[in-house]
Structures are given as C-alpha cells and as structure tokens.
Amino acid sequence: MANKDVTDPARMEKIVSLCKRRGFIFQAGEIYGGLNGCWDYGPLGTELKRNLKDYWWRKTVQERDDVLGMDGAILTMEQVLIASGHAGGFADPMCDCLLTNSRLRADQIPEQDGTAIWFSGAVVKNGTAIKREFAVLVKDSSEKSRRKANDSAIEFYKKGLSESDREIVSDLRKQGINAITLTESKMEELCGTTRFNPDNGSLLTEPRDFNLMLQTNFGATGEQIAYLRPETAQSIFCQYKNVLDSNRVKLPFGIAQMGKSFRNEINPRNYIFRSREFEQMEIEYFCHPDDGLRLTDEWLEERLKFYGEIGIPREKLHILDIPDGERAFYSKKTYDIEYEFPFGIQELEGVAYRTDYDLGVHEKGAGKSLVYFDEETKEKFLPHVVEPSAGCDRTVLALLCEAFDEETLTDEKGKEDIRTVLRFVPRMAPVKVGIFPLLKKNEEQVRICRDIQRTLQPWMNVFYDDGGALGRRYRRQDEIGTPFCVTVDFETLGEQGDELKNTVTIRHRDSMEQERLPISDLLAWLLERVR
RNA sequence: GCGGGCGUAGCUCAGUGGUAGAGCGCCACCUUGCCAAGGUGGAUGUCGUGAGUUCGAAUCUCAUCGCCCGCUCCA
C-alpha cells in the first residue's frame with residue numbers, strides 16, 4: 001500500500017494549468033493578487049461540478065424513497081454550534097515555542113516542575129542590543145543546567161539578529177570568543193507550570209485561540225453574531241423532527257443536503273482539495289440503535305458504487321477503517337474513502353456511525369425532545385445516525401485527476417504527437433457533444449449543424465464550433481473531455497447518394513473512431529450514453 | 001503558523017541596473033474533403049502589489065499578497 005502513495009507534482013501542475021487554460025477553475029480574486037484558500041469555478045468547471053451534484057442528488061434523493069432532501073441556511077446560530085461542540089472544540093488554544101517555532105496545543109502541554117531562568121535581553125560584541133524576554137525551564141539550578149539554559153538563550157537571541165550581526169557572532173565563535181552577553185534577570189522555582197516546551201524547556205508564547213470557524217455579524221449595528229456553518233449536518237439534525245413530522249416517514253430514513261460550508265483552515269493546500277469555502281454532500285441516515293453498524297457497512301458499499309458510476313475506479317479508492325482511539329469519541333465506526341491523488345492518498349468521504357450523539361446534544365441544548373416513537377413496536381428511543389459525508393470539490397478534483405490523460409499518437413510519417421484528453425465518463429462531461437460543419441463556408445452544412453444544436457440543447461450541454469481545421473476542433477474537445485463529436489459533411493447533404501443523406505459522423509473521444517448515424521436517431525443514441 | 005523555493009503575455013519559460021522577449025495558444029483573412037497542416041496579418045504585459053535605493057529597477061533592499069515543497073494542523 002505504501003508504495004502506491006507516490007506523488008506526481010508534474011502531473012498535478014499539468015492538471016492545474018489545463019483547468020485554468022480551459023476555464024475549469026480560477027483562483028478567487030486573482031486580479032487582486034488572489035485570496036488564499038478560495039476558488040472560482042469557470043464555465044466548464046461549473047458544468048462538471050453541477051453534473052456531479054445532480055447525479056448525487058438523483059441517486060441519493062430522487063431514486064430512493066427513504067431519503068429526503070433539504071437545503072438549510074448557511075448562517076448558523078451560535079447555540080446550535082455550542083451544542084454540537086463546534087464552538088468549543090473548533091477553537092483549540094495553541095502555543096508556539098519561542099526557540100524552535102514549533103506549535104503545541106495548549107491543553108496538551110504536560111505540567112512541569114523546575115527552575116525557570118529568565119533573561120531580559122542580550123548585547124552583541126559590536127554593541128547591538130536586543131531587548132526581549134526569554135526563559136528556560138531547567139530541572140535544578142546546577143552549573144550544568146544553567147549552562148544549558150544559557151545555550152538556549154544565546155540561540156534565541158541569535159535568531160533576532162540581522163544577517164551581518166549574525167556573521168559577526170559566527171566569526172567570533174570560530175575564534176572561541178563568546179560574542180553575545182546575556183542579561184539574566186531572575187530565577188524562579190515553579191510547580192506544575194505549562195508555559196514551557198517539554199522538549200527543550202524553552203518559554204512558549206501565551207496560548208492563542210485558533211478559531212476554526214468563520215464568524216459574521218448582522219443586525220443594525222452588527223451586534224449579533226452568527227457563524228458560517230462548518231458542515232451542512234447541523235441544520236439536518238436541528239430539523240430532523242420537522243422533516244419527520246411533515247413527511248409521513250418512518251425509520252430508517254435519511255435527510256440529504258448539498259451546499260457550502262466554511263472552515264478557517266490554517267493551511268489550505270493542494271489546489272481545491274482543502275479550501276476555506278467548500279461544498280459538501282451529506283446524508284444523515286436515522287435508524288434504530290440496533291441497525292447502526294450494519295447500515296454503516298451498507299452505506300459504505302452504496303457510496304463505493306457511486307464513485308464507480310462517476311468514473312472513479314474501485315482500485316484507485318482506499319478504505320480506511322479508522323481504529324479505536326483515532327475515531328471521534330462519539331463514533332462507533334468510521335470509514336474513510338480515500339483516492340489516489342497525484343499529491344498522495346487523501347480522503348474523499350467519511351462514512352461515520354455517529355450513534356445518538358448529535359440528536360442527544362441538540363435535545364439537551366434546545367431542551368426539546370427528539371425521541372422517536374415506533375408505532376409498531378411501541379418503542380421510544382433517540383434515533384442513531386449514520387453519516388456518509390462527501391467533499392464535493394475534492395470529488396471534482398478526483399474526477400479531473402482521474403480523467404486527465406496524455407496519449408502519444410504516431411502518424412503515418414512516424415511523427416509523434418501528444419493528445420491531451422480528459423476521459424470523463426459521459427455523464428460527468430461538461431460538454432456532451434461537439435457539433436461541427438466540415439466546412440464553415442458551406443451554408444447548408446452550417447444550417448444543419450444549427451438544427452442539430454437546437455434539437456439537442458434542451459437535453460444536454462452541446463457546443464458548436466466552426467473555427468479552424470476539423471482535426472483541431474476534435475482535439476479542443478478532447479482537452480475538455482467532450483465524449484462525442486458530430487460532424488456534418490458532404491455525405492449529409494446527399495452528395496454520395498441517398499443512402500448517406502441526412503446522416504452524420506459521430507467521433508468517439510477515447511478511441512478517435514467514427515461511425516455514421518441518421519440525424520433522426522441522434523438524440524436517442526446520445527441520451528442512452530450521457531445519462 | 002514556521003522553514004525553504006518561486007511569482008515576467010492565456011500557458012511554459014528566457015531575460016543580473018540602460019528600448020519588454022521566445023515557443024505554444026488566441027483573433028482575422030487566405031488555404032484546407034476527417035484528427036493540433038500551411039501562409040499572411042494582428043492583439044495581449046500595472047514584469048504579483050506597495051515602498052525604498054538609483055540619473056535610471058523586471059533586475060538591488062524591505063514589506064505585503066499569492067503559489068509550490070517540507071513541517072505543523074485538519075472536530
């Protein structure tokens with residue numbers, strides 16, 4: 001498995017470049033320098049994403065009778081997120097080590113006893129003075145400990161020097177001269193302190209809050225706060241009872257939602273994979289406590305099937321059965337579905353059995369009963385939840401990565417040529433059909449093309465093109481993943497006899513092969529292949 | 001957030017203090033009877049942004065934004 005986790009940055013760069021060149025994805029605010037972690041979808045990217053979302057919705061909601069859809073507000077009450085644990089748990093206070101700059105979670109620093117040696121500053125031989133407070137925690141006040149503290153402090157003050165000063169210090173050091181004079185201010189016996197790095201004794205910065213949710217203000221003077229939801233799930237849990245009461249459904253049943261969520265990611269990375277604003281496709285499937293584990297496995301299979309249907313092969317997916325201790329505390333079972341991206345194996349979706357944790361916290365938080373009454377068994381209980389939660393944007397990225405291919409073609413003269421093709425399954429392709437007249441100057445061919453375009457347009461996204469040579473037009477469509485191209489030629493006009501009259505060439509993207517079809521059969525032929 | 005690298009045309013990149021460049025792509029016209037043919041002409045740059053040094057900055061300095069790699073983080 002480990003040998004499969006190889007990265008291919010060159011491939012990734014080609015994909016990013018193609019996405020920009022052909023209008024799939026742009027950086028948000030690019031003309032102003034760009035906004036970190038935010039992306040805009042261009043015309044083709046929007047079609048691709050829409051195809052993914054439409055298919056997910058169709059398969060998850062419309063073609064099932066046990067899942068209902070909803071579309072919740074993005075702005076979320078603070079109380080909801082306090083109950084869910086996001087308002088607390090999303091803001092871990094962090095400390096930085098002043099010496100190594102490593103970051104530690106404040107609540108995970110062990111309590112230590114020892115002697116803190118404080119320094120108030122330092123002076124370099126050439127007269128440069130630095131005023132900054134620093135301290136090192138040592139076990140005792142022995143000579144050895146104090147020397148250790150001194151070394152750390154010199155290292156700390158050296159970090160704050162200019163390049164030229166640092167050179168002076170190094171030069172003097174080589175001659176065996178200590179170039180920095182420290183100002184020791186005090187020594188302090190401490191018990192149970194958490195202000196020092198357990199690894200090196202260095203003083204840490206004050207704990208700082210890292211708010212992982214995005215907040216906004218409203219009301220006349222902006223005095224009210226709300227959060228941009230960090231996941232779509234919470235509005236489902238909050239409305240679970242309303243959906244239940246208004247739709248005559250019985251357990252087990254699910255509520256599905258697609259939409260934007262927001263997280264103040266410390267470090268957005270890997271193109272659209274981790275961004276601050278992203279779209280989720282989530283299902284909360286409510287069930288009897290006895291069925292939770294079984295349904296988790298069933299949903300995993302269901303979701304794997306889905307990925308196959310959108311063109312992500314099973315062998316590129318990895319299922320991680322998150323072991324005890326690594327799962328969220330409330331989860332009894334969690335599977336991560338991962339995909340082999342060019343930048344490594346990364347998560348696409350999590351299928352988590354969340355027990356009755358979510359309904360439990362909201363029942364408590366809101367003070368309203370969310371208990372379900374089973375008419376048949378006369379049983380009352382809080383439903384358990386299985387949550388398949390997929391990242392929409394990262395699935396779009398997976399579709400792009402999976403589709404991207406460079407094929408080397410050799411013509412009759414032995415000349416090599418690289419064909420760039422996005423091999424989307426037709427149902428995901430942004431454009432389903434390219435429609436071309438063989439010669440753009442032939443008015444009859446153009447007229448027939450426009451007729452075909454009008455016939456197909458209500459059913460699928462098509463693209464008419466008469467620019468440049470026909471071969472070039474084919475290649476342009478290859479690059480954006482159009483599975484079929486229709487060409488109207490002289491045979492269509494009946495120049496080769498009545499048999500071929502009103503037929504067109506259909507060219508296949510993947511094989512580059514062609515076949516002929518009557519215009520009247522075109523719509524049915526295509527619909528069968530692009531749905 | 002830290003460390004390192006980078007930022008010049010739509011894309012890939014050249015350009016070490018003195019007039020802003022190439023290839024590909026794009027647009028127009030000509031040519032063209034099925035896989036990026038050819039010809040002619042054309043457009044495109046706040047040299048990421050802002051300040052500084054200089055007679056003069058894409059080039060040197062500082063700051064800032066963004067991208068990539070490695071840490072860190074990811075309920």
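Computation of the quantities below employed the complete heavy-atom set of this structure, encompassing side-chain atoms and omitting hydrogens, waters and symmetry-equivalent molecules. Lettering follows sequence order; numbering is per chain, from 1.
- At the heavy-atom level, A/E495 lies under 4.0 Å from base atoms of the strands shown.
- Separating the P atom of B/A14 from that of B/A22 is a span of 16 Å, rounded to the nearest Å.
- Nearest nucleotide to the side chain of A/A469, out of B/A37, B/C35, B/G33: B/A37.
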(request) Report the C-alpha separation of A/Y335 and A/W299 in whole Å, then their side-chain angles, then the decisive distance to 0.1 Å, and conclude whether the ring-ring contact (aromatic ring centres under 6.0 Å, His included) test is met. (result) CA-CA 10 Å; A/Y335 295 110; A/W299 270 108; over 10 Å; no

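- For B/C34, the base has a donor-acceptor partner in the side chain of A/T505 [N/O atoms by modelled type, under 3.5 angstrom].
- Side chain A/R263 to base B/C74: no donor-acceptor pair is found below 3.5 Å.
- Among the heavy atoms of the strands, none lies under 4.0 Å from A/D478.
- Nucleic acid contact for A/F273: none, since no nucleic acid atom lies under 4.0 Å from a heavy atom of the residue.
- Base engagement by A/R507 is indicated by at least one non-hydrogen atom pair under 4.0 Å involving a base atom.
- Within the 3.5 Å criterion, the main-chain N or O of A/A233 finds a donor-acceptor partner in the side chain of A/E282.
- When the P atom is compared between B/G17 and B/A51, the two are found 24 Å apart, to the nearest whole Å.
- Listed nucleotides B/G33, B/G10, B/C35 differ in distance to A/M512; the shortest reach to its side chain belongs to B/C35.
- Straight-line distance between the C1' atoms of B/C26 and B/C11: roughly 11 Å, to the nearest whole Å.
- Contact check on A/R472 versus A/D478 returns no salt bridge, with no Lys/Arg side-chain nitrogen under 4.0 Å from an Asp/Glu carboxylate oxygen.
- The separation between A/F436 atom CZ and B/C35 atom C1' is 11 Å, rounded to whole Å.
- Comparing the C1' positions of B/U46 and B/C73 gives an interatomic distance of 37 Å, to the nearest angstrom.
- At the heavy-atom level, A/K441 lies under 4.0 Å from the strands shown only through sugar-phosphate atoms.
- Across all strands, A/Q27 comes closer than 4.0 Å only to sugar-phosphate atoms, never to a base (heavy-atom distances).
- Residue A/E347 is classed as having no contact, given no heavy-atom separation below 4.0 Å to the nucleic acid.
- Rounded to whole Å, the distance from CG on A/N36 to P on B/U64 is 15 Å.
- Between B/G25 and B/U40, the distance separating the two P atoms is 15 Å to the nearest Å.
- Pair assignment for B/G23 gives B/C11, based on Watson-Crick or G-U wobble hydrogen-bonding distances that are each under 3.5 Å.
- Comparing A/G468 and A/G34 against RNA chain B, the residue whose closest nucleotide sits nearer the 5' end is A/G468.
- When the nucleotides B/A36, B/C11, B/C69 are ranked by their closest atom to the side chain of A/N270, B/C69 comes out on top.
- The closest donor-acceptor contact from the side chain of A/Q445 to the backbone of A/L439 lies under 3.5 Å.
- Note on A/L18: nothing from the nucleic acid sits closer than 4.0 angstrom, heavy atoms only.
- Out of B/C34, B/C26, B/G10, the shortest distance to the side chain of A/R476 is found at B/C26.
- A/K333 has a carboxylate O that lies under 4.0 Å from a charged side-chain N of A/D321, or vice versa, which qualifies the two as a salt bridge.
- Under a 3.5 Å cut-off, the side chain of A/N461 and the backbone N or O of A/P430 do form a donor-acceptor pair.
- Of the P atoms belonging to B/G21 and B/U32, the separation is 36 Å, rounded to the nearest Å.
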